[in-house]
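Chain naming here is simple, since letters A, B, ... match the order of the sequence lines and numbering starts at 1 in each.
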Amino acid sequence: MRERLEQLEEDALRKLSAAADKDIVTELKVRYLGRKGELTSITRELSKLPEDERRSLGKLTNDIKKRLEEKITTLLNDFSVKEQEDSLKSGILDITLPGRRPPLGRIHPVTRVMGEVEEIFLGLGFEVAEGPEVELDYYNFEALNIPKDHPARDMQDTFYIDNEILLRTHTSPVQIRYMKTCRPPLRVIAPGKVYRRDSDLSHTPMFHQVEGFMVDEGITFGDLKGLLIVFLQSLFYKDIGIRFRPSFFPLTEPSAEVDIRCLICEGKGCRVCKDSGWLEILGAGMIHPEVFNSVDYDSTKYSGFAFGVGIERITMLKFGIDDIRLFFENDLRFLEQF
Amino acid sequence: MKASLKWLKEFVDIDFMPQELAESLTMSGFEVEGIETVGMDVQGVQVAKILSIDKHPNAEKLSVCEVTTDKERYRIVCGAENIGVGDMVPLALPGAVLPNNVHIKKVPIRGVESDGMICSEAELGLGEDSERIMIFDADATLGMGIHEYLGISDSILNISITPNRPDCLGIIGIAREIAAITGRPLKKHPSSPGSCDDRDIAKMISIENELPSLCRRYTARIVEGVTVRPSPLWLKKRLEMHGIRAINNLVDITNHVMLEYGQPLHAFDYDLLDKRRIVVRFAEDGESIETLDGIIRALTKEVPVIADGAGPVALAGIMGGNRTEIGEETQRVLLECAFFDPASIRRASRRLGLSSESSYRFERGVNIEGIGPVIDRAAEMISEIADGRVICGSVDVYPDKYVPPKIEVNTDRINSLLGTDIKEASIKQILKRLGIELKTSRKKGVFIALPPAYRLDIEREVDLIEEVARLTSYENIPSTLPKARISPVEKGRMLEVNDTAREILSDYGFFEVINYSFVAQSTFNIADIDKTEAISLLNPLSEEQTVLRGYLFPSLLETLKYNINRENRDIRIFEIGRTFEPDDRLPVEREHIAGLIYGHRYGLSWNQPKDQVDFYDIKGSVEHLLDGLKIRNASFDGSKDIPFLHPGKSARLFLDSDEAGFIGEVHPATLKALDIEESAYIFEVSADIFSRYYMPFGKYKAIPKYPAIKRDISFITDRTIEYKKIPQYIMSLDAKIIEDVELFDVYCGRNIAEERVSMAIRITYRSIERTLTDEEVSHFHSRILRELTDHFKIEIRDVESNTVKL
Ligand SMILES: [Zn+2]
């Protein structure tokens, strides 16, 4: 029996040492140490032996089992280290091949900039209001102090559906609709599409505008300046040069045109700013008493300001786009850049 | 409005650079859009004197002259015959550039070297005469550049005049504004009454004004013995610089005076006026007039005209007629200078589709009080330039004299609107500088302002506040931040839905596009809406943009085509915008979200399948969108009747029972009509309805505590049975322990009968109260198998139990 055990250990150790891979070791483990393994069956035979023989042989069996287990663990460990090393050596990829990407999508640059403008004003406590794109002449012109047969109508070439119905030329009619239903104090922006009968490098028959207005007691022209400076600094950058100059819009008085320092030449003069060093960015002014009349506000009690900003123009300046028509051609090679 | 700096300087001292002038005009409300330097198209041409003239040795018609600029002598070959020794002439030497980019070089002419060229008016671009050399006065300075000598070197400011300031549609008006800005005095023209013929003008012409409220003033003067001929060079040049073509001296004078004063004038040939009568009246129906542009215009009784005894001779305030036009035979001239009601002229001009320099000014408003000096100035110029003899006085029909509005001005109100602290004295000083007359008022803190007649825009206090702000300079008004009460802000559900949908779709590989709201009729028709439903523009810009959209997807198909034509192949696009449907008065506007996919699912890639998109891609996109918006209760119902979609590959989307849109493959016939070769899939849904179901903050559901047991079923069924009924049915059996039914395989083809389809589903069992046992799940699962077999006549393929403990 002792010889058998010693022979078994010798065989097992020899075979284990010769084992070429992990699988053979595992196989040998089962063969010698498994439930039906050789060593296990010898252990079973031990119970038939007398007490003292059983004890000494039992110890030997256990020792052999321990040694074999140690050997197997070491071998398995070695093989697994080697396996890992081999896999690291063989699993080298060409990392310059392009990655697997989900399809690319983008938000239109005009909507992105519009969203940016909305966020700034929401942050300043302005509400968002909307109105119809097809409007009555009354809301688009007359209530805004632009009567029929007034030359100011030339400033906005209009698409008509019939004599009284038109495509809004600005989002200012929302001002009237809103003020007709709400009382001051109010702070509102009205974003949306507007339409003018015009088409060239810098005009499309449809474009986007955000109109804003604020009405309360004691609102001043200085407030208008202050608020628009905050807006333009947030939209562009903090130190941007800004100037206010007189202009004319029938719905406001005093009216102002607001310019920023040219983003391209920084004021030295270039093609984009027509050598003036400034870029027209928005129109604004104190709401005209006639407009307050249209909505039954007491213009001796309330004052307010309104402003309108063209989104395409800002988008063009931000991204250096020189042809406004690109926005509505929707060529994917254009859209994927934003 | 173009304004010559030299001309402005006749009325106000300007001793700073044109750029500085432009800057201060811009900052006071007169945007200078550009400064043009004129006279520079002739470069390097100097005044020279002819010292000798000899015959050309080889050419009969040429001569060889010796000329000097006082510094050097030059030999010039010349073909003109009008020159003599001692004449002062324009000399172009090598390096000089003439109009039309003619570069002067030293060249031999028939064997004699010519050092340069002496020039005619035409060669210098100064006139028509190309036969004769231009000859200057004998006192011209030798060697001086000719544009300097002729005074054609000038800066032209291109000023944008806002519609409220017609008083600045003339040089004097702009000069007056410069005077107000700079605080310098406005210089008046030296009045030279000259001699006049003291016959009674009232006996020479009768003026009847039938429209006193439309024609508030009509003034006429007569000048006799005129010679009609081309204007002198300076006058022609001046008009040309201001964008007006020279015609003859009389017409040019009226235009010159108009540019100077901003007041249009008209000159009639007095001898052609029938019965020596002028009648201001409306045209009669059936009357017509041939206007100066050669067009015969039929008139209606809304059009105000100037008529003589025989009929209309001018469209009041817009354009004169051919019958009484000034021509070479004209000897006596009747000058007209008037004030017409702005709105009436604008209406007439629009009705006739005819506008002119004259109507442009009248419809904005001219200076009713300024008419006297204007017509005098014109008469004076005619006597000077066209040898005329002026008849003394004028006929002036001006029944209701101008009365300025009396405007109360309150210093406090000015300061409280502007946010300033300007002293009353400063305000008064500003207003006076603008020619506004001030009076005291009995009311405390208030004074009265009376604007001059040329400032038609000043009607009320706020107009004066603007003037104070303007001349104070906006830059000097301190910026403040408005005091505002803190209040809640809401963006509105609709905008939120739109913004969220944009995020979801763009993250999902869609490009946002923006198309015009108006489309071609043919594009509109793609959606196959009743054609009477189209809302058309009265005045579209092009055939491509005539009707408002009823749906968005036809525009997406156009965008698809546009991109295919530009070789952009794999396309996923979406648009969010309004659609329009006719209604009582204003159309109904609905916000839609539409999407389109076309081409490969993954584009061209080495490590992704090269499959084409199909119906389930568009359905998945909408499901993904619904999921992102947390919209539950959505269902798709197969539909065969959406005309622009494939009948077997389309569906309507319902949110509860609200129809919210459709998805599907575009009908092959529609694609064919657009020349699109492969299948395109679209969806279009209502953002309005979405916003009603949009649940940004649905209630949280606890994560299950107990493990789930999953079992798969693989079966074969008839194709006619809609899949969605199977999970619905299973859930209906016992919703308590069935958590989910997922479809993970669909197969038809080999080994499956034609009308049958094989599917595999996985059912997740879980209780929220306890751990389910294998036995009870098995028991229940067998029941499901039985029920499915009975109910749907499915054929179970094999039952593979799959227990995953979570
Ligand atoms: Zn620039």
Does B/Arg569 qualify as a cation-pi partner of B/Tyr598, given the criterion of NZ or CZ under 6.0 Å from the six-membered ring centre and within 45 degrees of its axis? no
Using a strict cut-off of less than 4.0 Å between a Lys/Arg side-chain nitrogen and an Asp/Glu carboxylate oxygen, indicate whether B/Glu31 and A/Arg245 qualify as a salt bridge. yes
Is B/Asp499 salt-bridged to B/Arg502, going by a charged N under 4.0 Å from an acidic O? yes
Considering only heavy atoms, which portion of A/Met206 lies under 4.5 Å from any heavy atom of chain B: side chain, backbone, both, or neither? both
So for A/Pro151, is it side chain, backbone, both, or neither that comes closer than 4.5 Å to the heavy atoms of chain B? both
With a 4.5 angstrom heavy-atom cut-off, could you sort out which part of A/Arg187 is near chain B: side chain, backbone, both or neither? side chain
Could you tell me which portion of A/Lys193 (side chain, backbone, both or neither) has an atom closer than 4.5 angstrom to a non-hydrogen atom of chain B? side chain
Is the distance between the ring centroids of A/Phe207 and A/Phe328 less than 6.0 Å? no
Test applied, side-chain hydrogen bond (donor to acceptor under 3.5 Å, both in side chains); reference residue, B/Thr420; option that passes from B/Asn415, B/Thr472, B/Asn476: B/Asn415
Under 4.5 Å to a heavy atom of chain A? For B/Pro540 that would be backbone
With a 4.5 angstrom heavy-atom cut-off, could you sort out which part of A/Glu118 is near chain B: side chain, backbone, both or neither? side chain
Is B/Leu418 close to chain A through its backbone or its side chain, or both, or neither, when contacts mean heavy atoms under 4.5 Å? both
Measure distances from B/Thr26 to the heavy atoms of chain A and classify the residue's part below 4.5 Å as side chain, backbone, both or neither. both
Look at the aromatic rings of A/His150 and A/Phe248 and report parallel, tilted or perpendicular, splitting at 30° and 60°. parallel
A/Glu135 and A/Arg168 ion-paired at < 4.0 Å: no
Structural part of A/Leu104 lying under 4.5 Å from a heavy atom of chain B: both
Quick check on A/Tyr160 against chain B: is it the side chain, the backbone, both or neither that has a heavy atom closer than 4.5 Å? both
Does the pair B/Arg470/B/Glu467 count as a salt bridge with the N-to-O cut at 4.0 Å? yes
Which atoms of A/Tyr195 come close to chain B, meaning under 4.5 Å heavy atom to heavy atom: side chain ones, backbone ones, both, or neither? side chain
When the 4.5 angstrom heavy-atom criterion is applied to B/Ile573 and chain A, the contacting part is side chain
Of the backbone (N, CA, C, O) and the side chain (C-beta and beyond), which part of A/Asp216 lies under 4.5 Å from a heavy atom of chain B, both, or neither? side chain
With only heavy atoms counted, which part of A/Ile229 is less than 4.5 Å from chain B, the side chain, the backbone, both or neither? side chain
Heavy-atom pairs under 4.5 Å with chain B, option from A/Pro250, A/Pro289, A/Ala152, A/Ser247 with the top count: A/Pro289
Residue part contacting chain B, namely of A/Asp198, when any heavy atom lies under 4.5 Å: backbone
Are A/Arg106 and B/Glu512 within salt-bridge range, i.e. N to O under 4.0 Å? no
Do B/Glu33 and A/Lys274 sit within salt-bridge range, that is, some charged N less than 4.0 Å from a carboxylate O? no
